[in-house]
Structures are given as structure tokens and as C-alpha cells.
Number of protein chains: 2
Amino acid sequence: MPAPPERPRPTGRRPGDSGTRDAILDAALALFAERGYDGASLRAIAAAAGVDPGLIRHFFGDKEALFATAVADRMQVAHLLARAASADPTTAGRAMTEAYLGLWEGPDTGPIVRALVRSATTSESAARMMREMIGPRIHDATGGDTALAGRIALAASNLLGVAMARYVIGVGPVVDLPRDELVDRLAPVVQHYLTGA
Amino acid sequence: MPAPPERPRPTGRRPGDSGTRDAILDAALALFAERGYDGASLRAIAAAAGVDPGLIRHFFGDKEALFATAVADRMQVAHLLARAASADPTTAGRAMTEAYLGLWEGPDTGPIVRALVRSATTSESAARMMREMIGPRIHDATGGDTALAGRIALAASNLLGVAMARYVIGVGPVVDLPRDELVDRLAPVVQHYLTGA
DNA sequence: CGGGGAATTCCACAAGAGGGGAGTTAGGAT
DNA sequence: ATCCTAACTCCCCTCTTGTGGAATTCCCCG
């Protein structure tokens, strides 16, 4: 068997409907989630998508725009939390806790929020995006009630810390807690933050 | 006045006791705190210390060793928390909250913990260091009581989330809260996590 | 008053980053 | 059937990174 002729990938457009653009977005999201904004190189993303790095530039321009379309624009997420928070006040704590953990665990949303957090801690532009994304949502959901916004923010901060410990850093005791028990322990506290009761 | 001869810095050892090593450690800590492990380049650290990059290698070997000596080794910190947590049970929540916030705000400890968190979210080796540092301390402080360890971990996670929101990401409502009020709101919750009451 | 080792400089290197441009092929509108 | 545009690959450039080594100067111990 003669050695396969090492032929390079053909140049030019591909026939049919190649879902290349989406492949890039998926790979980008996955790598941003895993390594953060700076750690995910365009080349690595292109490789993961099975695509030439030049294509990224072709489709999205620069890295920040890619991040925005892959991560930020899919963030229809914050209002979901605010909705949970303003639901039936007697169960808001549990609802928000469930919604939040679901966000981190969902196969679609998990990468988004991991990418956001991993990037926001290191890259100022990612942090800015996150602020600009979350701030207005809270403002909308509270109708400008700053006291309520404060309560929601504290509840969300608690959940953020737990998620960091459980899903990002991997702090033993928090990882080992079964999910049910975790919810049972968090829900009353979140409820307390939200309603003050 | 003739143009100053542009003379390059002299090579060779400097006279007197140059605190170069410490200058490097200080600069390294500051930059790790500001940009995280990957974001802080050895060259930038050297520049901030007013020193040739080669010196870092001379003193510390490689980057990980520098991080370890600048950040990790100064972490006499965790046991401080554990101590607060196991103090007088009626005030443990407030004590731990104060101790934790003090950690983030202290001019000496703040950079350490910021560096740790910023790095641990992105760099796996930093995350490992953090785990290896915190895990045993909790184990020691609890004497192997895993239920207690779980309670402390949940309390610490809450505080971690608040600190992330307030000092790292900069979430509006959490930043705007006056410190006193923040403590007043957090302390009872931390107390609840710790004691179950 | 030597001499060895530590502190310090500069230079070099290979690898990888993001970005840009030129050229090739296919799809779709006319 | 023709042409414009979009998809696609390859090559290049410049910058930065971590690391390594050679050369110089000074301190300190004998």
C-alpha cells in the first residue's frame, strides 16, 4: 500500500451546506468555557472546529467579536433568574436555586456561564460584558427598586460562590454534596436573602 | 549640554544590599493579583520590579516556582478562617465574615487572595495549589468531621461569591453596599451555615 | 589580597499569539 | 451561461512568551 499522498486540504468553497460557522461557535464556546478568554487561542478553536484559523477572521472579525457572538449573545439567561426570583414569594428561594444550578449543569447553558465566569475573572473586557449584561436585567426585573436589587444580588452572589466552588475550582466538600442536599441547604438561605424573612 | 550618552545599564552585580529578590516577589504578587497567573508575564513582573527578566529565572527557576513563593507560600490564611469559624459558636458567623472580608481588604492579604482566585479560575495548576492548600486546613480544623467541613465549606462559598462580586467582577449592587451593612446581612447567614441554627 | 560564587546584564531561541492579504473554488442571482 | 459574492486555504508579519546561556561585576571568606 503506497503511502497516502499527503494531499493538502483542497482550497476554495465546499459543496453543500457546511455548518462551518456553527461548528466554530460551538468550539469557541467549549474552549472559552474550559480555558477562559485569554487561554482559548483562535488557533485552538479553529483546530477544534476542524477549520482553518483564517475562517474565524472571515466570519467574525476579531476575537472579541467571536466571544460576543459565541458567549455573550446567547445570554438570554439572566432574566430567567430574575423571573424565578420574583415568582411566588414563598418558594422564590428554591426556584432561584434550582434555576441557577440548572444553568450550570445544563449542557447548553453550562458552557456559557462557565465561559463567562472564567473569562470575567481575568479579562477586563469580559467582566465589562458581564456587567453590562447582568446590570440592566436586574434593573428591569426590579423596576429600579435598589433595595430589591441588593437582595437579589446577594442571593446571586451566594449561588455564584457555590457554583465556583463546585464547578470551577472543585472544593472537595462542596463537590461531594449530593445535589438534592445542596438545594435543601441553599434554598432557605436564598429565600432569606430575597425576602428578608 | 551634549546629549546624555544613552548608556545602557551596567552589567554585573550591584553594590550594597539591593532588595531585588523581595522587589520581584512584591511585583509578582501584585501582577498575579491583577491579571491572574497566565496574564502576568515574567517580563511584566520584571519590569514592574525594575529588574532584568533573567533575574527571575536566576532566583526562582520557573514561573510556577515564582508563583508558589510569591503567593502560595504566604498563605497562612486558611487557618485564620477556620479559627474564626470554631470560635464562640454564638458569634462565629460574624467573626468569620469579618475575618474573610478583612482578608480581601487587607493590604497584605488582599493581593494574595485575589491572585489565588484570579489564577485558580483559569490555571489548573493554580487551582490544584489552592485545593491542596485549603483542603488539609479544613481537615485539620474539623478533625475529620465531614459534616462540619461541609458546613464550613458552604459558609466559605457564600463569602467567596460575595467577594468575587464585590472585589473581582464588580457587580454594582454588591459594590455599592456599605461594608457595615454587608456584614450585617451576611453574618446571620454565615452563622446559619455554620451552626445550622 | 585573592578567588569563588552570587547578582546582574544582554542576547538568542523556538513556540505560539492575533491579525492581514492573496488566491481558489463553489453557490446563486441575473 | 455569466459574474458577483461568500466560503475556504495558505502564507506572512509582527509581537510576546517562557526559557536558556554567556559575560560582567561585585561581595565576602580565606
Side-chain angles (χ1 to χ4, degrees), chain A residues 5-28 31-32 34-71 119 122-126, chain B residues 5-28 31-32 34-71 119 122-126:
Chain A
E6 285 271 353
R7 100 188 118 160
R9 269 137 131 204
T11 166
R13 188 171 187 161
R14 300 286 168 274
D17 178 18
S18 70
T20 301
R21 210 188 116 102
D22 287 333
I24 294 178
L25 285 179
D26 289 346
L31 283 182
F32 283 136
E34 195 177 323
R35 308 186 195 171
Y37 182 79
D38 293 314
S41 76
L42 294 180
R43 288 168 151 88
I45 292 171
V51 146
D52 186 275
L55 265 193
I56 296 186
R57 185 170 183 274
H58 176 59
F59 281 125
F60 305 100
D62 63 7
K63 194 179 184 180
E64 238 179 288
L66 172 65
F67 183 82
T69 34
V71 179
S119 302
T122 308
S123 153
E124 178 49 33
S125 62
Chain B
E6 285 269 353
R7 98 190 121 159
R9 265 132 131 214
T11 165
R13 188 173 188 160
R14 298 287 168 274
D17 178 19
S18 71
T20 300
R21 211 189 115 102
D22 288 333
I24 294 178
L25 285 179
D26 290 346
L31 282 183
F32 283 137
E34 195 177 324
R35 309 186 195 170
Y37 182 79
D38 293 314
S41 77
L42 293 181
R43 287 168 153 92
I45 293 171
V51 147
D52 187 275
L55 267 191
I56 296 185
R57 185 170 183 275
H58 175 59
F59 281 126
F60 305 100
D62 62 8
K63 194 179 183 180
E64 237 179 290
L66 172 64
F67 184 82
T69 39
V71 179
S119 303
T122 307
S123 152
E124 178 49 33
S125 61

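Atoms considered below: every heavy atom in the structure, side chains included; atoms not considered: hydrogens, waters and symmetry mates. Here is the naming used below: chain letters follow the sequence lines, and residue numbers restart at 1 for every chain.
Residues A:L25 and A:F60 are in side-chain contact: their nearest non-hydrogen atoms beyond the backbone lie under 4.5 Å apart. A:I45 places a side-chain heavy atom less than 4.5 Å from the side chain of A:F32. Under the 4.5 Å side-chain criterion, counting only non-hydrogen atoms from C-beta, B:T20 is in contact with B:L55. Inter-residue side-chain proximity for B:S123 and B:D38 is flagged as met; some heavy-atom pair is nearer than 4.5 Å.
Counting to the nearest Å, the P atom of C:dG19 and the CG atom of A:L66 are 10 Å from each other. Here C:dA17 presents its P atom at 12 Å from CG of B:D38, a figure rounded to the nearest Å. With rounding to whole Å, B:R21 atom CZ is found 13 Å from C:dA7 atom C1'. Between A:D62 atom CG and C:dG21 atom P the separation is 14 Å, expressed in whole Å. Straight-line distance from the CZ atom of B:F67 to the P atom of D:dG18: 14 Å, rounded to whole Å. Residue A:D52 contributes atom CG, which lies 16 Å from atom P of C:dG21 at whole-angstrom precision. Distance A:L55 CG to C:dT25 P: 16 Å, rounded to the nearest Å. Atom-to-atom, OH of B:Y37 to C1' of D:dT17 comes out at 12 Å; the value is rounded to the nearest Å.
For C:dA17, one of the phosphate oxygens OP1 or OP2 lies less than 4.0 angstrom from a side-chain nitrogen or oxygen of A:S41. Between A:H58 and D:dC8 there is no side-chain N or O to OP1 or OP2 distance below 4.0 Å. In this model, the phosphate group of C:dA7 is not approached by any side-chain N or O of B:T20 to a distance below 4.0 Å at OP1 or OP2.
Each of A:G39 and B:G54 lies near DNA chain C, and the nucleotide nearest B:G54 is the one positioned closer to the 5' end.
Side chain of A:R57, nearest nucleotide from C:dG20, C:dT8, D:dG20: C:dG20. Comparing C:dA7, D:dA7, D:dG18 by their nearest atom to the side chain of B:F59 picks out C:dA7. Set against D:dG18, D:dT9, C:dG19, the side chain of A:K63 has C:dG19 as its closest nucleotide.
Heavy-atom minimum distance, B:A70 versus B:A28: CB-CB, 4.1 Å.
Within the structure, salt bridge (Lys or Arg N to Asp or Glu O under 4.0 Å) contacts touching residues 39-64 of chain A (residues at least two apart or in different chains) are A:E64-A:R128.
Heavy atoms of A:L42 sit under 4.0 angstrom from primed sugar atoms or phosphate atoms, though from no base atom.
Counting only distance, with no hydrogens or angles, the side chain of B:T122 and the backbone of B:S119 share no donor-acceptor pair below 3.5 Å.
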Can you check nucleotides 12-14 of chain D for protein contacts, nitrogen or oxygen pairs under 3.5 Å, and list what you find?
none

